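Read the structure below first, then the notes.
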Amino acid sequence: GAPDPASCAAAGNTGQAYLEVTATNADTCYISTATDMDFGAVVDLAGNRDQTSTISLHCPTSTSYQIALDYGINSGGGTTRRMLGPGSNTLTYVLYRDPGRTQVWGATSSVDMHDGVGSGAVQTVTVYGRVPAQPVSSAGTYSDTVTVTLTF
């Protein structure tokens, strides 16, 4: 602890002061990374095109959490995900919570979000994507941006 002011003054140390320094580490949930999903270059989409990405997160042990994925910036407020390309052409795609690609990933609690429990270490969750068979109107790069939300 710091000495009292009287003993500092008696020792002739009137030009010194003491400062206590502290820090608190907040043990909370956070997303450490979310990788891009790249379906690659395709000549046509006569069949499904599948790909994955990952979300890495940290939550304290026994902390329940949910991960939501919105429908992207090109959905027009609906529930169909679209990648936007040249000339405003689009390609539809779907994001799933399971490798069988049967459970669509969305943003409705207790319906289509990923539920988990923290382990106190970094955990990785896989996002399974699919571009279903569809006609391609125009060659070029198609893209979308999806927001990942972690609730705990």
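Computed from heavy atoms alone, side chains included, the values below leave out hydrogens, waters and symmetry copies. Not measured: the values here are computed from a predicted model.
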Quiz prompt | Check: Gln51 side chain, Asp38 main-chain N or O, donor-acceptor pair, under 3.5 Å | solution = yes
Self-check item: Joint hydrophobic cluster, Tyr93 plus Met37, side-chain heavy atoms closer than 4.5 Å
Solution: yes
Exercise. Work out which heavy atom in Ser143 is nearest to a heavy atom in Asn74; give both atom names and the distance.
Key: O-ND2, 3.1 Å
Quiz item: Is there side-chain contact between Ile31 and Val148, with heavy atoms separated by less than 4.5 Å?
Solution: yes
Quiz item: So, does Arg97 use its side chain to make a donor-acceptor pair with the main chain of Val104 at under 3.5 Å?
Solution: yes
Quiz item: Do Leu57 and Val122 belong together in a cluster built from hydrophobic side chains that touch within less than 4.5 Å?
Solution: no
Quiz item: Distance from His58 atom NE2 to Gln123 atom CD, nearest 0.5 Å?
Solution: 8.5 Å
Exercise. Check whether any side-chain heavy atom of Ile67 lies under 4.5 Å from a side-chain heavy atom of Trp105, and answer yes or no.
Key: yes
Quiz item: Just how far is it from atom CG of Leu69 to atom CD1 of Ile55, taken to the nearest 0.5 Å?
Solution: 5.0 Å
Quiz item: Do any N or O atoms from the side chain of Thr54 and from the backbone of Thr35 form a donor-acceptor pair under 3.5 angstrom?
Solution: no
Self-check item: Within 45° cone of Tyr71 ring axis and under 6.0 Å: Arg81 NZ or CZ
Solution: yes
Quiz item: Atom OG1 in Thr102, atom OH in Tyr96: separation rounded to 0.5 Å?
Solution: 8.5 Å
Exercise. Nearest 0.5 Å please: distance from the CD atom of Gln103 over to the CG atom of Asp98.
Key: 4.0 Å
Quiz item: Any donor and acceptor pair, going by atom type alone, linking the side chain of Thr61 with main-chain N or O of Ser119 inside 3.5 Å?
Solution: yes
Practice problem: Please examine the side chains of Ser53 and Tyr128, heavy atoms only from C-beta on, and report whether any two atoms are closer than 4.5 Å. | Solution: no
Quiz item: If you take all heavy atoms of Gly140 and Pro86, which pair is closest and at what distance?
Solution: CA-CG, 3.8 Å
Exercise. Report yes if some heavy atom in the side chain of Met83 is under 4.5 Å from a heavy atom in the side chain of Thr90; otherwise report no.
Key: no
Output side-chain donor-acceptor pairs under 3.5 Å for residues 110-117, partner residues at least two apart or in another chain, one line each.
from   : atom 1 : to     : atom 2 : distance (Å)
Asp112 : OD1    : Ala107 : N      : 3.2
Asp112 : OD1    : Thr108 : N      : 2.8
Asp115 : OD1    : Gln66  : NE2    : 2.7

Practice problem: Check Leu91 against Gln134 and note the closest heavy-atom contact, atom names and distance. | Solution: CA-OE1, 3.5 Å
Quiz item: Same cluster or not: are Tyr30 and Val125 linked, directly or through other Ile, Leu, Val, Met, Phe, Trp or Tyr residues, by side-chain heavy atoms under 4.5 angstrom apart?
Solution: no
Quiz prompt | pair Val146-Asp70: side-chain heavy atoms closer than 4.5 Å | solution = yes
Quiz item: Would a 4.5 Å heavy-atom cut-off, applied to side chains only, mark Val127 and Thr52 as touching?
Solution: no
Exercise. Would you mind reporting whether Arg82 and Asp144 have side-chain heavy atoms less than 4.5 Å apart?
Key: no
Quiz prompt | Interatomic spacing from SG in Cys59 to CZ in Phe152 - rounded to 0.5 Å | solution = 6.5 Å
Quiz item: Any side-chain heavy atom of Thr80 within less than 4.5 Å of one from Ser75?
Solution: no
Self-check item: Salt-bridge present (Asp50, Arg101; N to O < 4.0 Å)
Solution: yes
Quiz item: What's the spacing between Thr141 OG1 and Leu84 CG if we round to 0.5 Å?
Solution: 11.5 Å
Practice problem: Take Val131 and Thr92 through the side-chain contact (heavy atoms from CB on, under 4.5 Å) test and state the conclusion after the steps. | Solution: CA-CA 6 Å; Val131 175; Thr92 61; over 6 Å; no
